[in-house]
Amino acid sequence: MTETTVNDAARYDFHAIEERWLPVWDERQLFRSGRPEDTRPTKYVLDMFPYPSGDLHMGHAEAYALGDVIARHWIQKGFNVLHPIGWDSFGLPAENAAIKRGIDPYGWTEDNIVQQRASIRRYACSFDWDRVLMTHRPDYYRWNQWLFTRLFERGLAYRKPSLVNWCPNDQTVLANEQVVAGLCERCDTPVTKKKLTQWYFKVTDYGDELLDELETLRGTWPSKVIAMQRNWIGRSTGADVSFTIEGRDEPIAIYTTRPDTLYGATFMVVAADSDLAAELAQGADEQTRAEFDAYAESVKKESEIDRLATEREKTGVFLQRYGINPVNGERLPIWASDYVLADYGHGAIMAVPAHDQRDLDFARAMDLPVRVVLDCRDDAGERLADPVESGVATTGDGTLVNSGSLNGLAKAEAIAAITAELAAAGSGVPAVNYRLRDWLISRQRYWGTPIPIVHCDACGEVPVPDDQLPVTLPPAEGLDLKPKGQSPLAAATDWVNTTCPDCGGAALRDTDTMDTFVDSSWYFLRYLSPGKTDGPFDVEAAAKWAPIDQYVGGVTHAILHLLYSRFITKALRDMGMIDFGEPFTALLNQGMVQMDGSAMSKSRGNLVRLSEQLDEFGVDAVRLTMAFAGPPEDDIDWADVSPSGSAKFLARAWRLARDVTGEPGVDPATGDAALRAITHRTLHDAQSLVEAFRFNVVVARVMELVNATRKAIDTGAGPADPAVREAVETVAILLSLFAPYCSEEMWSMLGHEDVALATYPAVDESLLVEETVTCVVQVKGKVRDRLEVPPGIGEDELRELALASDGAARAIGDAAIRTVIVRAPRLVNIVTA
RNA sequence: GCCCCCGUAGCCCAACUGGCAGAGGCAGCCGACUUAAAAUCGGCGCAGUGCGGGUUCGAAUCCCGCCGGGGGCACCA
């Protein structure tokens with residue numbers, strides 16, 4: 001214990017190295033990105049900011065390790081890199097923890113941030129600590145409120161009564177995007193429906209743009225995410241068709257993608273939970289009304305889970321009302337059912353059971369007529385079975401029959417023809433619909449941004465003027481935060497009771513808070529000028545830095561966060577604040593860190609604690625393991641990888657720096673040529689590998705270089721050779737992307753400072769040229785010989801060499817040669833008869 | 001039910017526009033150093049690419065069909 005042997009002192013001690021460099025880096029602040037005199041080209045690298053629920057976990061460690069590789073690479077390549085970090089610090093976990101423990105969400109949140117901040121500091125990412133933002137602070141959420149009022153002024157924020165998703169456990173409404181398979185995204189409670197008046201952001205105004213501009217992201221976003229967004233937006237094109245309703249003044253519009261099948265309509269269906277259904281039922285006899293009311297009530301009660309169940313029986317009520325088919329004047333009975341959605345299209349459809357499976361199921365359940373209007377054939381030209389007998393609707397292409405003027409046309413022709421006919425008759429127009437709904441942003445919870453609206457009896461909904469923002473949250477003390485279906489803010493009477501900004505009369509504050517996805521939908525702009533007090537962000541800074549060159553985060557946000565951010569960005573562009581419409585030019589989705597084949601969780605007992613991994617193997621080894629495990633988008637199973645192996649490798653790299661005896665600044669050209677070739681080949685390849693996110697391969701190549709350098713020191717050129725120094729400096733520079741401590745220590749031992757700011761060495765192209773290459777000689781595709789040839793060898797010469805080679809001659813024997821394929825200088829394939 | 005991705009050595013993973021299946025690591029085995037061990041250094045590849053067809057001079061790579069694993073969407077008319 002007391003004696004330190006020479007051997008011990010020469011051993012790699014990651015704890016000591018971490019402790020040595022952390023304070024130095026704090027002092028030097030290498031990653032500040034706001035200096036006005038800095039004229040380098042810019043890059044904005046962004047990691048999704050953490051939610052401060054407890055300490056960092058393995059998932060954070062992976063994401064930040066990978067993002068840092070990219071940021072550090074661009075720094076070494078001479079860019080002025082903005083790489084910020086902050087906290088997404090409003091939200092339910094803080095509130096639930098506060099309720100459970102009887103504490104203030106503010107204190108809980110701030111404490112967690114202190115802890116996470118210390119962990120992130122230790123993790124040594126190239127973050128600019130001058131730009132930290134926290135969304136729960138009034139100086140941030142003030143600008144959420146500013147954003148809300150701007151959207152309100154432009155008609156993009158509005159309030160409407162609607163049947164909304166309701167989580168009975170969290171006692172709050174949820175956005176469509178937060179309902180996953182009928183369950184609350186947060187707590188997995190089955191979601192129910194509730195009629196409430198809520199605030200919405202009008203995302204649907206940007207539906208076309210959100211869809212079409214996905215194309216501009218192709219190649220730089222994962223195609224999976226593009227597909228998911230496309231799916232989610234769900235644009236469909238068709239026609240709105242007017243149906244006259246007996247006993248009703250106004251016709252009703254239905255939306256259909258298949259106007260060609262109008263002649264096949266045999267009934268109509270309205271959504272059971274729609275106002276239209278209630279109105280139509282009102283006009284029916286008393287018994288029908290009672291039947292409808294009972295049905296509507298049962299529909300409202302059913303959970304999302306029930307609704308989504310497959311193999312579900314069709315149910316409904318005949319409303320004793322009739323609509324008139326505009327193309328043939330037929331009377332169509334009108335039913336109410338839950339298989340038609342109130343908030344899609346017009347909440348009403350024409351039913352064509354022969355050519356729509358859902359309609360057919362309903363027709364069979366209710367014994368309604370089915371009329372085939374398309375003659376559909378299979379690949380062999382055989383007519384498909386009658387839907388009535390088979391129970392399978394024919395939804396494909398075919399030839400129109402029983403359809404008046406459309407007879408004989410194909411599906412596409414018929415759609416065009418009938419759409420024109422309807423337009424001429426004034427009973428139909430082309431129409432587009434979206435699966436995407438407007439974004440419901442009201443939440444009946446405490447820990448979020450108060451909605452900056454005052455409700456005045458005289459003036460209505462009045463936005464709080466900019467000079468009165470922020471509307472700060474009242475202190476949690478004294479408020480009952482328990483979920484009860486109404487915002488806890490309602491109980492803060494001193495806070496709720498206010499005066500109308502317009503008329504000065506008594507008025508009430510809106511008591512709901514905003515969905516925390518509002519906070520994260522523009523935070524990337526706030527980083528550009530986090531201290532700004534007279535606006536959400538500096539417009540010139542945005543012009544300089546934004547949009548984000550590289551965004552890094554989990555695929556869990558493929559729809560929600562990314563879609564909302566895209567929407568807000570487009571809205572801000574239309575306000576003239578920025579000149580781009582897509583916030584994230586490139587996106588990298590890292591996989592998840594698992595353990596023994598499944599997601600880590602305390603209850604499953606397979607939780608791996610990041611802090612323990614860091615203590616045992618060191619920050620560098622954990623980061624290196626994350627990068628080396630495989631392609632970044634693949635999941636990592638921690639049981640399959642080896643942080644101890646990474647630690648061993650780092651020690652091996654470190655020993656190279658310890659062993660170098662050559663002086664700095666000596667021209668490496670005088671050194672070992674073979675080692676130099678490997679060094680420059682590695683440098684050459686590493687940049688394109690990093691830029692293609694193939695970090696695992698970069699690490700493998702650095703390992704190769706380390707092995708070659710070791711060999712050169714022990715059994716080759718020796719520790720004093722300038723090529724050895726060049727190789728070890730290269731190792732330090734490349735390794736700094738993954739292992740900042742180890743490489744800084746190496747860099748320091750080599751007589752330099754700040755490896756993070758080291759310039760990426762120029763590649764000497766002349767060292768990449770090989771003197772000879774191995775040419776494979778195949779006979780009928782099988783390797784029969786190898787030749788060492790100059791790289792510039794001509795085709796004819798190579799052909800002769802190959803034909804004359806021993807291996808080839810042996811394999812050919814006396815067979816006739818049919819053809820010889822020459823791919824100089826690497827391959828010759830001799831094809832014999 | 002519909003759509004997308006992935007199957008290479010015991011394990012994690014490489015393999016440029018089709019051109020020698022193996023870069024790197026884990027585990028394992030052997031050796032050097034050591035009184036011994038640890039650490040370190042050196043050496044050792046055992047699969048023919050999930051299966052079956054096809055295209056091609058040549059297929060891990062392209063096409064078709066299965067099998068296995070993962071993910072997304074799911075009454076959107």
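Values below: all heavy atoms of this structure, side chains included; hydrogens, waters and symmetry mates excluded. In what follows, chains are A, B, ... by sequence order, proteins preceding strands, each numbered from 1.
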- request: Round to a whole Å and report the spacing from CD1 of A:Ile252 to P of B:A77.
  value: 18 Å

- prompt: Paired with B:C73: which nucleotide, if any, by Watson-Crick or G-U wobble criteria at under 3.5 Å for both distances?
  reply: B:G1

message: Using the side-chain heavy atoms of A:Ile349, tell me which of these nucleotides is nearest: B:C26, B:A77, B:G24.
response: B:A77

Distance between C1' atoms of B:C2 and B:G19 (Å, rounded): 39 Å

field: Gap in Å between the two C1' atoms, one belonging to B:U49 and one to B:A9, rounded
entry: 10 Å

statement: RNA chain B nearest-nucleotide lookup for A:Ile821 and A:Arg435: closer to the 5′ end is A:Ile821

Phosphate-side-chain proximity, A:Tyr339 and B:A77, N/O vs OP1/OP2 below 4.0 Å: no

message: Checking contacts here: which listed nucleotide (B:C11, B:A27, B:G25) is nearest the side-chain heavy atoms of A:Asn707?
response: B:G25

task: Can you tell me the pairing partner of B:A21 across any strand shown, Watson-Crick or G-U wobble, with both distances under 3.5 angstrom?
output: none

- prompt: Under the ring-ring contact (aromatic ring centres under 6.0 Å, His included) criterion, do A:Phe695 and A:Phe628 qualify, and how do the steps go?
  reply: CA-CA 7 Å; A:Phe695 311 137; A:Phe628 186 52; over 10 Å; no

message: Both A:Ala700 and A:Lys780 contact RNA chain B. Taking the nearest nucleotide for each, which residue is further toward the 5' end?
response: A:Ala700

task: Pick base, sugar-phosphate or nothing for A:Ser337, based on heavy-atom distances below 4.0 Å to the nucleic acid.
output: nothing

- prompt: Do A:Leu735 and A:Leu650 touch side chain to side chain, with heavy atoms closer than 4.5 Å?
  reply: yes

- request: Would you indicate what A:Gln778 reaches in the nucleic acid, counting non-hydrogen atoms under 4.0 angstrom: base, sugar-phosphate, or nothing?
  value: base

message: Between B:A27 and B:C16, how far apart are the two P atoms, rounded to whole Å?
response: 28 Å

message: Does the structure show a Watson-Crick or G-U wobble partner for B:G42, both distances under 3.5 Å? Name it, or say none.
response: B:C30

- prompt: Distance between the C1' atoms of B:G50 and B:A59, in whole angstroms?
  reply: 16 Å

- prompt: Whole Å only: how far is the CG atom of A:Asp356 from the C1' atom of B:A74?
  reply: 14 Å

field: Nucleotide B:A14, atom C1' - distance to CG of A:Asp634 in whole Å
entry: 13 Å

message: Just to be sure I understand the rule, does A:Lys711 reach a base, reach only the sugar-phosphate, or reach nothing, if contact means heavy atoms closer than 4.0 Å?
response: sugar-phosphate

- prompt: Rounding to a whole Å, what distance do you find between A:Met350:CE and B:A77:C1'?
  reply: 9 Å

query: Judged by modelled atom types alone, do A:Trp221 and A:Gln229 share a side-chain donor-acceptor pair under 3.5 Å?
result: no

statement: Of B:A14, B:A77, B:C73, the nucleotide closest to the side chain of A:Val697 is B:A14

Between B:G18 and B:C73 - C1' atom distance, rounded Å: 35 Å

message: Tell me whether the side-chain N/O atoms of A:Ser223 come closer than 4.0 Å to OP1 or OP2 in B:C5.
response: no

- request: Using a heavy-atom cut-off of under 4.0 Å over every strand shown, decide if A:Thr819 touches base, sugar-phosphate, or nothing.
  value: nothing

- prompt: Rounding to the closest angstrom, what is the interatomic distance between B:C5 and B:A32 at atom C1'?
  reply: 48 Å

message: With a cut-off of less than 4.0 Å, is there a side-chain N or O of A:Arg655 near OP1 or OP2 of B:C41?
response: yes

- request: Can you spot which of A:Leu734, A:Val731, A:Thr682 makes a side-chain contact (heavy atoms from CB on, under 4.5 Å) with A:Val706?
  value: A:Val731

Check ion pair A:Arg364-A:Asp361 (N to O, under 4.0 angstrom): no

message: If we count only N and O atoms by modelled type, under 3.5 Å, do the side chains of A:Asn433 and A:Ser236 hold a donor and an acceptor together?
response: no

- request: Would you kindly check whether a donor in the side chain of A:Asn829 faces an acceptor in the base of B:C57, or vice versa, at under 3.5 angstrom?
  value: yes

- prompt: Can A:Asp714 and A:Arg710 be counted as an ion pair, charged N to O under 4.0 angstrom?
  reply: yes

message: Is the ring pair A:Phe362/A:Trp335 parallel, tilted or perpendicular, if the boundaries are 30 and 60 degrees?
response: perpendicular

Whole angstrom value for the distance that separates P of B:G72 from CG of A:Leu562: 15 Å

message: Counting only side-chain heavy atoms from C-beta out, which of B:G72, B:A77, B:C41 sits nearest to A:Met228?
response: B:G72

message: From CH2 of A:Trp232 over to P of B:C4, roughly how many Å is that when rounded to an integer?
response: 20 Å

- prompt: How far, in whole Å, is B:C64 from B:G69 if one measures between their P atoms?
  reply: 22 Å

task: Test A:His355 against A:Thr395 for side chain to side chain donor-acceptor pair (under 3.5 Å), laying out the working first.
output: CA-CA 5 Å; A:His355 306 296; A:Thr395 56; over 6 Å; no

Gap in Å between the two P atoms, one belonging to B:A37 and one to B:G7, rounded: 43 Å

- line: On a heavy-atom basis, the closest approach of A:Leu262 and A:Asn325 is O-ND2, 3.0 Å

- prompt: How are the rings of A:His557 and A:His561 set to each other: parallel, tilted or perpendicular (split at 30° and 60°)?
  reply: perpendicular

message: When both hydrogen-bonding distances must be under 3.5 Å and the geometry is Watson-Crick or G-U wobble, what is B:G68 paired with, if anything?
response: B:C6

- request: Just call it for A:Asp359: base, sugar-phosphate, or nothing, with non-hydrogen atoms closer than 4.0 Å on any strand.
  value: nothing

- prompt: Base, sugar-phosphate, or nothing for A:Arg701, non-hydrogen atoms under 4.0 angstrom?
  reply: nothing

message: Please confirm whether the shortest side-chain N or O distance from A:Arg230 to OP1 or OP2 of B:C4 is below 4.0 Å.
response: no

- prompt: The side chain of A:Glu704 lies closest to which of these nucleotides: B:A27, B:G24, B:C41?
  reply: B:G24

- request: May I ask you to say what A:Ala227 touches in the nucleic acid, namely base, sugar-phosphate or nothing, with a heavy-atom cut-off under 4.0 Å?
  value: nothing

field: Per A:Asn696 side chain, nearest of listed nucleotides B:A77, B:A14, B:C12
entry: B:A14

- prompt: For the side chain of A:Arg823 and the base of B:G19, is some donor closer than 3.5 Å to an acceptor across the two?
  reply: yes

query: Base, sugar-phosphate, or nothing for A:Val783, non-hydrogen atoms under 4.0 angstrom?
result: sugar-phosphate

field: Residues A:Asp208 and A:Tyr434: side-chain donor-acceptor under 3.5 angstrom
entry: yes

message: Rounded to whole Å, please give me the gap between CZ in A:Phe628 and C1' in B:G25.
response: 4 Å

field: RNA chain B-proximal residues of residues 677-691 of chain A, any heavy atom under 4.0 Å
entry: none

query: In whole Å, what is the span from the CD atom of A:Gln229 to the C1' atom of B:C73?
result: 14 Å

- request: State the syn/anti category of B:G52 according to its glycosidic angle, syn meaning within 90° of 0.
  value: anti

field: Side-chain N,O (A:Arg784) to OP1/OP2 (B:G58) below 4.0 Å
entry: no

message: When both hydrogen-bonding distances must be under 3.5 Å and the geometry is Watson-Crick or G-U wobble, what is B:A37 paired with, if anything?
response: none

task: Counting heavy atoms from C-beta on, name the nucleotide in B:A77, B:U40, B:G19 closest to the side chain of A:Leu827.
output: B:G19

